[in-house]
Student: 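Have a look at this one.
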Amino acid sequence: MKILIVDDFATMRRIIKNLLRDLGFTNTHEADDGLTALPLLQTGNFDFLVTDWNMPGMTGYDLLKTVRADPKLKDLPILMVTAEAKREQIVAAAQAGVNGYIVKPFTAAVLKEKIDKIFERINK
Amino acid sequence: MTQRDAVSGGSHLERLLKEATTELQTQVEQGDLSEAVNLLQRINEERSRLLYLEVGRLTRGLHDAINNFHIDAGLNARASEEMSQMADATERLNYVIRMTQDAANKTMDKVEESAPVAELIGAQAAALRKDWARLVRREMKPEEFRDLYRRIDEFLKHTEDHADVLSRNLGEIMLAQDYQDLTGQVVKRVISLVKEIEENLVNLVCMAGQVDRITGIKHSAGGQIPVEETQHEEHPVPEGPIVNPEQRADVVSGQDEVDELLSSLGF
């Protein structure tokens with residue numbers, strides 16, 4: 001499975017990359033905001049997107065909406081991993097079609113649980 | 001400058017005004033117009049003097065606050081040298097980002113280095129235990145036993161080396177946390193600068209109020225834009241980490257509350 005990790009902080013990308021590797025996902029790629037992520041998504045045949053919310057350039061929320069509006073990408077499973085914790089934001093992300101929402105700081109167990117849940121639902 | 005100074009400056013002018021009004025009336029009634037004009041001039045001069053004085057005080061206060069920020073934080077020589085190269089709060093905060101990022105990377109380097117070592121020990125031990133169990137069940141041929149004997153010896157030697165590597169890496173992970181002391185001091189300095197600026201801004205607002213009172217300027221309410229209405233609900237503005245979730249009703253305090261909220265939405 002090919003996964004794109006989008007976060008403006010390199011250390012957070014590295015942490016997520018390591019956690020995903022521990023879960024058996026070794027084919028991971030990185031982008032530092034929505035603007036750099038989009039061209040990768042459009043040409044890269046990704047199976048899964050993990051994105052932060054608050055990033056310069058294009059936020060994860062705008063990326064989410066852009067992906068959902070793109071006929072080629074609209075079914076891509078998206079997991080948001082972010083420090084954004086306002087209820088209205090979580091509701092907005094859900095309405096925009098996010099598949100999972102994790103608030104930072106988070107644990108490896110939470111990441112595994114959410115990913116399992118997302119693919120369980122998709123494969124049903 | 002404190003808030004009280006500004007207020008007392010204002011009341012000084014008020015006192016002068018009150019005294020002068022009576023005097024002015026007397027002079028006008030007595031037909032002493034030139035003396036009356038002189039008095040008006042004096043009131044005006046006093047008003048200007050007061051304004052300049054307050055603006056001057058405030059400017060000095062802000063200037064001092066910014067200058068004071070350069071004072072050495074009393075760190076060790078290496079850090080002091082680095083600190084002296086930093087001219088402003090932005091640079092200081094960038095320093096904090098750099099230090100924490102370096103520490104995170106160093107820690108992850110060592111963890112990435114250690115994980116395969118721990119895995120190897122586990123895999124070797126599991127393989128040996130399997131053969132050991134066969135030995136216990138007396139299912140092992142003599143030549144197999146000789147091989148096991150050699151492998152156990154090797155394993156013990158390797159484990160010693162691996163334990164060395166692991167404890168060295170753990171030590172380095174521990175040391176990588178030394179940034180906390182340095183960044184803590186830098187952040188504290190920035191906090192005190194922010195506090196000083198905040199106090200000076202409060203004084204500025206207070207003084208602006210005095211200026212309005214002295215000069216009689218009235219502001220139309222139309223100049224204020226209600227903040228709530230400018231934020232459209234369909235586009236929530238990112239806020240970053242919430243530092244006081246227990247004091248706020250509009251945020252979740254952890255993953256459990258996120259899950260609860262999402263499941264209430266049918267997720």
Side-chain angles (χ1 to χ4, degrees), chain A residues 8-19 21-22 33-34 51-65 79-114 117-118 121, chain B residues 93-94 96-116 118-119 122 169 173 176-177 179 183 228 231-267:
Chain A
D8 52 336
F9 277 87
T11 44
M12 185 43 73
R13 292 201 299 270
R14 196 170 163 192
I15 288 171
I16 294 174
K17 192 186 168 88
N18 273 324
L19 291 173
R21 199 197 45 217
D22 288 347
D33 84 323
T51 182
D52 184 20
W53 183 311
N54 197 0
M55 294 177 290
M58 186 196 260
T59 66
Y61 179 65
D62 288 336
L63 179 64
L64 165 66
K65 291 201 295 188
L79 174 65
M80 207 152 222
V81 180
T82 173
E84 299 302 323
K86 280 190 283 191
R87 289 174 188 279
E88 60 158 338
Q89 288 180 294
I90 300 165
V91 172
Q95 282 165 352
V98 83
N99 298 78
Y101 198 104
I102 294 177
V103 282
K104 296 175 191 169
F106 65 102
T107 63
V110 166
L111 184 66
K112 179 175 171 17
E113 183 200 320
K114 300 304 166 204
K117 208 170 157 192
I118 287 170
R121 203 175 286 137
Chain B
L93 291 177
N94 277 326
V96 171
I97 293 177
R98 206 168 59 240
M99 292 286 278
T100 51
Q101 184 175 309
D102 287 351
N105 279 325
K106 209 187 217 174
T107 302
M108 283 190 281
D109 284 345
K110 292 298 151 190
V111 170
E112 280 174 13
E113 215 175 89
S114 303
E119 235 164 74
N169 287 351
I173 287 171
Q177 315 310 312
Y179 72 89
T183 57
E228 287 298 315
Q231 292 182 3
H232 202 268
E233 197 140 327
E234 280 194 13
H235 203 101
V237 183
E239 191 179 320
I242 308 289
V243 291
N244 55 348
E246 63 286 336
Q247 287 163 30
R248 289 179 50 174
D250 65 329
V251 302
V252 295
S253 64
Q255 189 62 40
D256 287 347
E257 286 189 33
V258 176
D259 296 347
E260 236 170 75
L261 179 60
L262 287 177
S263 77
S264 77
L265 294 169
F267 251 68

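Throughout, a chain's letter reflects where its sequence line sits, starting with A, and its residues are numbered from 1. Just so you know, these numbers come straight off a predicted model, no measurement behind them.
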Student: When you look at B:L261 and A:V91, which way does the side chain to side chain contact (heavy atoms under 4.5 Å, CB included) test go after all the steps?
Tutor: CA-CA 8 Å; B:L261 179 60; A:V91 172; 4.2 Å; yes
Student: Give, as side chain, backbone, both or neither, the part of A:V110 having an atom under 4.5 angstrom from any heavy atom of chain B.
Tutor: side chain
Student: Write down the atom of B:L262, the atom of A:A94, and the distance for their closest heavy-atom approach.
Tutor: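 Smallest heavy-atom distance, with atoms named: CD2-CB, 3.8 Å.
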Student: Any idea which heavy atoms bring A:V103 and B:G254 closest together, and the distance?
Tutor: CG2-C, 3.8 Å
Student: For A:K114, is it the side chain, the backbone, both, or neither that has a heavy atom closer than 4.5 Å to a heavy atom of chain B?
Tutor: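 Answer is side chain: those atoms of A:K114 sit under 4.5 Å from chain B.
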Student: Nearest heavy-atom pair of A:K86 and B:V251: which atoms, and what distance?
Tutor: CG-CG1, 3.6 Å
Student: With sequence neighbours excluded, what pairs up with B:T183 under the side-chain hydrogen bond (donor to acceptor under 3.5 Å, both in side chains) test?
Tutor: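 B:T183: no side-chain hydrogen bond (donor to acceptor under 3.5 Å, both in side chains) contacts found.
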Student: Could you give the distance from CE (B:M108) to OG1 (A:T11), rounded to the nearest 0.5 Å?
Tutor: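 Answer for the CE-OG1 pair, B:M108 versus A:T11, is 5.5 Å.
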Student: Okay, side chain of B:Q255, backbone of A:Y101: is any donor-acceptor separation there less than 3.5 Å?
Tutor: yes
Student: For residues B:E239 and A:E84, report the shortest heavy-atom separation together with the two atoms involved.
Tutor: N-OE1, 2.6 Å
Student: When rounded to the nearest 0.5 angstrom, what distance separates CZ in A:R87 from CZ in B:R248?
Tutor: 11.0 Å
Student: At a 4.5 Å cut-off on heavy atoms, which part of A:N99 comes close to chain B: side chain, backbone, both, or neither?
Tutor: backbone
Student: Keeping A:K104 on the side-chain end and B:P241 on the backbone end, is there a donor-acceptor pair under 3.5 Å?
Tutor: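 Looks like no, no N/O pair under 3.5 Å.
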Student: Looking at every heavy atom in both B:G240 and A:N54, which two are closest together, and how far apart are they?
Tutor: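 Reported closest heavy-atom pair: N-ND2, 4.0 Å.
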Student: So what's closer than 4.5 Å to chain A heavy atoms on B:A115: side chain, backbone, both or neither?
Tutor: neither
Student: Give, for atom CG of B:D250 and atom CD of A:Q89, the distance between the pair rounded to the nearest 0.5 Å.
Tutor: 9.0 Å
